[in-house]
Amino acid sequence: MAAPSFLLYIDRSLFARRGKDSRAVEKRDPGWKLFGKVPPREGTIKDPKRIQKEYETKSSRAGPGNLTSPRQGVRKNLDFEPLSTTALILEDRPANLPAKPAEEAQKHRQQYEEMVAQAKKRELKDAQKRRKQLEDRCKLEESIGTAAQTWNQEILPNWSTVCTSRRVRDLWWQGIPPSVRGKVWSLAVGNELNITHELYNICLARAKEKWKTTPAPAIDTETEDADSSDRESSLELIKLDISRTFPHLCIFQQGGPYHDVLHSILGAYTCYRPDVGYVQGMSFIAAVLILNLDTADAFIAFANLLNKPCQMAFFRVDHSLMLTYFSAFEVFFEENLPKLFAHFKKNNLTPDIYLIDWIFTLYSKSLPLDLACRVWDVFCRDGEEFLFRTALGLLRLYQDVLTCMDFIHMAQFLTRLPDLIPSEQLFQHIAAVHMTSRNRKWAQVLQALQKDQERRSPVLKR
Amino acid sequence: METIWLYQFRLIVIGDSTVGKSCLIRRFTEGRFAQVSDPTVGVDFFSRLVEIEPGKRIKLQIWDTAGQERFRSITRAYYRNSVGGLLLFDITNRRSFQNVHNWLEEAQSHVQPHSIVFLLVGHKCDLEAQRQVTQQEAEKLAGAFGMRYVETSARDAINVEKAFVDLTRTIFDLVRNGDIKIQDGWEGVKSGFVPNTVHSSEEVAKGNRQCYC
């Protein structure tokens with residue numbers, strides 16, 4: 001609400017000078033005026049003498065002996081003027097120039113009044129918009145409340161019978177209320193691996209044992225082969241990466257409430273699956289689960305989630321299988337967005353450049369967290385296909401801006417998506433993506449490509 | 001409006017995880033030091049213009065790669081289209097220095113038929129008290145592989161500009177002498193939006209001025 005300081009500054013110095021000048025020179029044009037300082041118009045046309053008079057009374061009020069008045073004047077006038085108005089207008093011409101013709105003065109006055117009217121209109125609109133936003137938020141919160149009730153009382157108790165019903169699937173698409181999110185994720189991901197809380201505790205104990213016995217990084221590792229040194233250092237890497245996981249949330253860092261939990265889950269996993277170990281990107285997945293589930297349940301969901309074929313392919317960096325996923329993605333990319341696809345091809349922008357980060361972290365690093373959770377909701381419902389569908393939704397949403405960019409700008413844009421992504425709009429675009437190509441579904445396209453590749457050659461293409 | 005540049009060089013930044021690759025690039029391209037940053041998964045992209053001589057601008061396209069061993073099978077695909085590289089190690093982490101060999105071997109076996117001009121960078125030189133690698137041995141190693149060596153700190157902004165500009169200048173000289181040639185289907189060096197008739201630096205400067213009108 002306070003007037004910007006530069007405004008006060010200009011205002012004060014102008015008044016001071018004007019005060020002095022008015023005594024020294026009898027006839028003088030008023031010069032600059034603050035936007036908010038124009039007195040209400042009495043007549044239609046104003047002659048310079050009258051302006052002069054008005055000006056003199058004002059400047060004497062704001063003379064050197066009356067230093068506080070300009071500030072008060074600003075406050076008072078800001079009450080009825082649009083708050084955003086800070087510009088200066090030249091009311092009349094300086095003395096060394098010929099006076100404005102009457103019609104020009106009239107025109108300028110009119111223009112000024114129009115500007116003020118528009119500014120007022122704008123503010124009214126803003127106020128209405130704010131009220132609308134508040135109403136929408138209340139509505140949203142209410143609907144989340146009702147949805148949470150529905151999930152808790154109707155859906156969760158009858159999970160196995162209703163989870164595939166049309167109604168539940170529709171509700172699911174809208175986003176799962178945060179209070180039941182963890183439960184739904186757990187149920188949807190399942191526990192194919194039959195991991196129990198006891199098994200988690202055993203893995204954790206083993207991890208803790210290892211941390212204790214592993215001394216500080218050994219210095220003479222030159223003779224070791226790269227593979228084993230990688231696995232050894234993965235325990236070290238976990239420590240370094242934990243503090244780099246959602247750093248802005250300040251809860252996973254050293255001393256933060258979830259630091260030890262994240263450390264435990266990642267450590268336990270390296271003992272549960274030493275063949276996979278810790279891979280960068282995992283810390284983000286574990287962190288999102290921790291935010292929604294208790295530790296042991298988060299671990300169960302984590303291990304089962306990573307055990308899905310797509311996640312296994314990526315986290316084990318099975319390059320040829322990853323390329324197959326990228327090829328399948330490109331089939332649907334070309335089908336859905338042929339123009340953008342051609343533009344990407346022309347610029348040599350391959351899907352690995354943006355998909356690796358998106359798939360590895362399940363969008364939790366690249367999308368705002370609440371939006372990422374909504375993507376996870378439907379990912380739990382639809383499986384890996386939805387990860388690629390989301391990618392196409394994002395490309396579809398930003399199709400117009402991307403088509404105007406060159407390689408580096410596209411690559412930068414896609415690896416650092418805008419901070420504000422309209423979630424409803426994104427989901428509309430995701431919904432508009434067709435996941436069928438010549439009557440084949442995602443899984444069929446992927447399978448066909450896989451067979452194709454096996455037949456052609458087991459050697460990597462790139 | 002696109003600023004006029006003579007060439008575009010694609011540089012790749014490699015080295016062990018947490019040696020500070022992203023922080024070094026951020027210091028160079030954004031002029032600030034990020035206290036906290038995400039681990040890089042896959043590859044990140046940066047770009048900046050560098051003026052190596054008055055009126056001669058080079059656009060740098062910098063590929064910031066994931067350092068974890070596991071990601072090497074992904075990042076090795078990116079060597080082929082790079083003309084220059086910064087190979088980082090952390091002077092407070094001896095293992096990251098020992099791995100310099102591996103990184104070089106890895107790069108050399110995947111860059112064929114092209115080659116990459118590498119600069120060896122000892123990073124985090126503000127942490128002198130925790131130093132595990134001496135400047136002499138790093139220089140010796142760099143010399144053995146025909147690289148130059150520089151010590152940098154993203155935190156204190158030491159030699160960051162120098163590292164990138166020196167490498168750019170070296171590549172520029174190689175391009176000017178014809179040792180590195182622009183080729184179709186290779187992204188390492190691209191020529192920029194300067195009219196073919198421009199030869200001397202004065203003319204280039206003039207061309208640039210026009211663009212600012």
Side-chain angles (χ1 to χ4, degrees), chain A residues 217-222 226-227 229-231 233-234 236-237 240-241 243-248 250 253 276-284 314-320 322-323 348 350 352-361 365-366 406-416 460 462, chain B residues 2 8 10 16-20 22-23 29 34-48 59-78 80-81 90 92-103 105-106 110 132-133 185-187 190:
Chain A
I219 283 180
D220 51 344
T221 48
E222 264 168 303
D227 243 26
S229 84
D230 179 40
R231 253 161 236 161
S233 65
S234 80
E236 236 179 283
L237 198 54
L240 292 165
D241 272 357
S243 55
R244 302 201 286 170
T245 307
F246 297 123
H248 56 281
C250 301
Q253 283 62 48
V276 181
Y278 171 72
V279 184
Q280 289 185 318
M282 279 185 181
S283 65
F284 285 85
F314 276 72
F315 281 108
R316 298 179 82 158
V317 194
D318 179 343
H319 208 172
S320 70
M322 281 168 75
L323 289 176
N348 284 327
T350 46
D352 51 318
I353 279 169
Y354 47 95
L355 280 186
I356 284 178
D357 179 70
W358 293 354
I359 305 294
F360 262 96
T361 63
K365 194 153 88 75
S366 31
D406 60 359
F407 172 86
I408 188 75
H409 289 105
M410 285 192 284
Q412 282 182 311
F413 184 91
L414 294 171
T415 47
R416 252 164 290 166
L460 299 189
R462 266 187 271 180
Chain B
E2 188 76 42
Q8 174 182 284
R10 185 179 286 186
D16 278 11
S17 190
T18 71
V19 296
S22 304
C23 283
T29 56
Q35 283 293 340
V36 281
S37 67
D38 310 340
T40 307
V41 175
V43 58
D44 263 343
F45 300 88
F46 297 86
S47 67
R48 210 193 106 170
K59 187 176 182 180
L60 296 182
Q61 195 185 88
I62 305 164
W63 289 46
D64 179 18
T65 60
Q68 198 186 4
E69 175 89 36
R70 192 71 60 87
F71 287 105
R72 288 202 197 169
S73 62
I74 296 169
T75 51
R76 67 170 59 122
Y78 303 137
R80 210 190 74 86
N81 276 308
D90 172 358
T92 70
N93 177 346
R94 181 127 198 114
R95 188 186 285 167
S96 72
F97 177 65
Q98 286 160 345
N99 281 338
V100 163
H101 285 279
N102 296 342
W103 282 108
E105 268 167 36
E106 168 90 10
H110 288 94
Q132 291 183 358
V133 182
W186 183 59
E187 307 278 337
K190 298 235 156 189

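Throughout, protein chains are lettered first and strands after them, A, B, ... in sequence-line order, and every chain is numbered starting at 1.
Here the straight-line distance linking atom NE2 of A/H319 with atom CZ of B/R76 works out to 8.5 Å at 0.5 Å rounding. Rounded to the nearest 0.5 Å, atoms CH2 (B/W63) and CD1 (A/I353) are 4.0 Å apart. Rounding to the nearest 0.5 Å places NZ of A/K365 at 6.0 Å from OG1 of B/T40. To the nearest 0.5 Å, atom CD of residue A/Q412 and atom OG1 of residue B/T29 are 8.0 Å apart.
Contacts of B/Q35 with chain A are absent, with no heavy-atom separation under 4.5 Å from either backbone or side chain. Only the side chain of A/R416 has a heavy atom closer than 4.5 Å to any heavy atom of chain B. For A/D241, the part lying near chain B is the side chain, with the backbone staying farther off; criterion is any non-hydrogen pair under 4.5 Å. Interface residue A/T361: only side-chain heavy atoms are found under 4.5 Å from chain B. Heavy-atom distances place no part of A/Y354 under 4.5 Å from chain B, backbone and side chain included.
Under the 3.5 Å distance criterion, the side-chain polar atoms of B/R70 are matched with a main-chain donor or acceptor of A/V276.
Two residues are said to be in side-chain contact when any heavy atoms from C-beta on lie closer than 4.5 Å; B/Q61 and A/F407 meet this criterion. Looking only at side-chain heavy atoms (C-beta outward), B/V41 and A/F284 stay at 4.5 Å or farther from each other.
A search for salt bridge (Lys or Arg N to Asp or Glu O under 4.0 Å) contacts involving B/R80 returns nothing, not counting sequence neighbours. Residues satisfying the side-chain contact (heavy atoms from CB on, under 4.5 Å) test with B/S17, not counting sequence neighbours, are A/L237, A/R244, A/Q280.
When each of B/D44, B/N81, B/I74 is scored by its heavy-atom pairs under 4.5 Å with chain A, the top score falls to B/I74. Between chain B and the options A/T245, A/I408, A/L355, the largest number of non-hydrogen pairs under 4.5 Å is found for A/I408.
Closest of all the heavy-atom pairs between A/P247 and B/D38 is CD-OD1, 3.8 Å.
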